[in-house]
Amino acid sequence: MFIGTAGSGKTCLAAAFGEWLEREMEAKIAYVNLDPGCLNTPYKPDFDIRSLFTVCELMERENLGPNGAMIRAAELMEESVNDIVDKIAQLEADLKLIDTPGQMEIFVFRSAGPKIAEALRSKDVTVTVYLIDPLLAKTPTGLAVAVSLSIATQLRLGTPTFPILNKVDLVKEEEIDRLLMDFDYLRDKIVEEQSGAIIDLALRYVDTIEILSSAVRLVKVSAKTGEGMDQLYDIVRESICVCGDLT
Ligand SMILES: Nc1nc2c(ncn2[C@@H]2O[C@H](COP(=O)(O)OP(=O)(O)OP(=O)(O)O)[C@@H](O)[C@H]2O)c(=O)[nH]1
Ligand SMILES: [Mg+2]
């Protein structure tokens, strides 16, 4: 499952990773679109939530604004969890790539996401890839918040969750690498960035993230250049091997 803040690149990464797996690994891939708000997808969905309802339809039928319709869509998703997960389970593929709604709070922080994740886990090994968008994590504190959202996602969905740095073609790599891998360096940079009492809060925030983060290597990917797809495959494959069978 690909999770991330709005515009973090979930849809493009699902498409790029799927194409890479089909080409390099000769894997059979099933694409699942769980975003009822999107108009087009760069992949051809094998299951599409839009076959059940779309945000546009809900706006018209129930006279709702875009956010109200997204929330209504999340309620409908929750009501149809068993149906949705049965359809995903029936897809025959080596890997199923699940693209999730644009705004992660609709999926992760409401009941639909946790219920879908629980039902998926009961049927198959399920792994979450959490996309950190470098455009949202430009400051050291912003980066700390981005990492903590990945931890919150793991807590909500209950699946093994891997934070990855997306859109790596846009970033000056060394700095962000070091900030993400070296918590002391992150603390130093936060002290430089912030002033006053907020420094103390930010430092304690980083302490908590450090305790809660599992020490994994940082995977950096770009849907645009194809960089890092092999490393993404490695972490997904390793977690599948740990959690269950790789068949
Ligand atoms: N430079 C660069 N841009 C990217 C990359 N991946 C996605 N984008 C751009 O980021 C924007 C959002 O990409 P999407 O894949 O639609 O992101 P999303 O998370 O599915 O977005 P929503 O579902 O609308 O929230 C688009 O303009 C993409 O072209 C990448 O690896 N590099
Ligand atoms: Mg999307």
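Excluded from the calculations below are hydrogen atoms, water molecules and symmetry mates; all remaining heavy atoms, backbone and side chain alike, are included. In this chain, numbering begins with 1 at the start of the sequence shown. We count ligands from 1, going down the list as the structure has it; atoms in each ligand are counted the same way.
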Numbered atoms and elements of ligand 1 in range of [X], under 4.0 angstrom, heavy atoms:
X	value
Asp169	1 (N), 2 (C), 30 (C), 31 (O), 32 (N)
Ala6	25 (O)
Ser222	31 (O)
Asp35	23 (O)

Checklist entry - If you round to the nearest 0.5 Å, how far is CG of Leu34 from CD1 of Ile88? => result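 With rounding to 0.5 Å, CD1 (Ile88) is 5.0 Å from CG (Leu34).
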Could you say whether the N/O atoms of [X] and ligand 1 ever approach to under 3.5 Å?
X	value
Thr100	no
Asp99	no
Cys12	yes
Val221	no
Gln103	no
Leu170	no

Looking only at protein heavy atoms, which one is nearest to [atom], and how far off is it?
atom	answer
atom 10 (O) of ligand 1	Lys167 NZ, 3.2 Å
atom 23 (O) of ligand 1	Gly102 CA, 3.3 Å
atom 31 (O) of ligand 1	Ala223 N, 2.8 Å
atom 25 (O) of ligand 1	Gly7 N, 2.8 Å

Checklist entry - More than 12 non-hydrogen atoms from neighbouring residues, nucleotides or ligands closer than 6.0 Å to CD on Glu62, yes or no? => result yes
Checklist entry - Is the backbone of Arg204 close enough, under 3.5 Å, to the side chain of Thr208 for a donor and an acceptor to pair up by distance? => result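 Yes, Thr208 side chain to Arg204 backbone: donor-acceptor pair under 3.5 Å.
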So does [X] pair up with [Y], basic N to acidic O under 4.0 Å?
X	Y	answer
Glu75	Arg72	yes
Asp177	Lys220	yes
Glu118	Lys115	no

Checklist entry - Any protein heavy atom under 4.0 Å from atom 27 (O) of ligand 1? => result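 No, because not a single protein heavy atom sits under 4.0 Å from atom 27 (O) of ligand 1.
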Looking at every heavy atom in both [X] and [Y], which two are closest together, and how far apart are they?
X	Y	answer
Glu19	Tyr31	N-OH, 3.4 Å
Met77	Pro101	CE-CG, 4.0 Å
Tyr43	Val32	OH-O, 4.1 Å
Ala117	Thr159	CB-CG2, 4.4 Å

Item to check | Close approach of Gly4 to ligand 1, heavy atoms, under 4.0 angstrom | outcome: no
Checklist entry - Quick check: does Thr11 have an N/O/S atom under 2.8 Å of the Mg ion (ligand 2)? => result yes
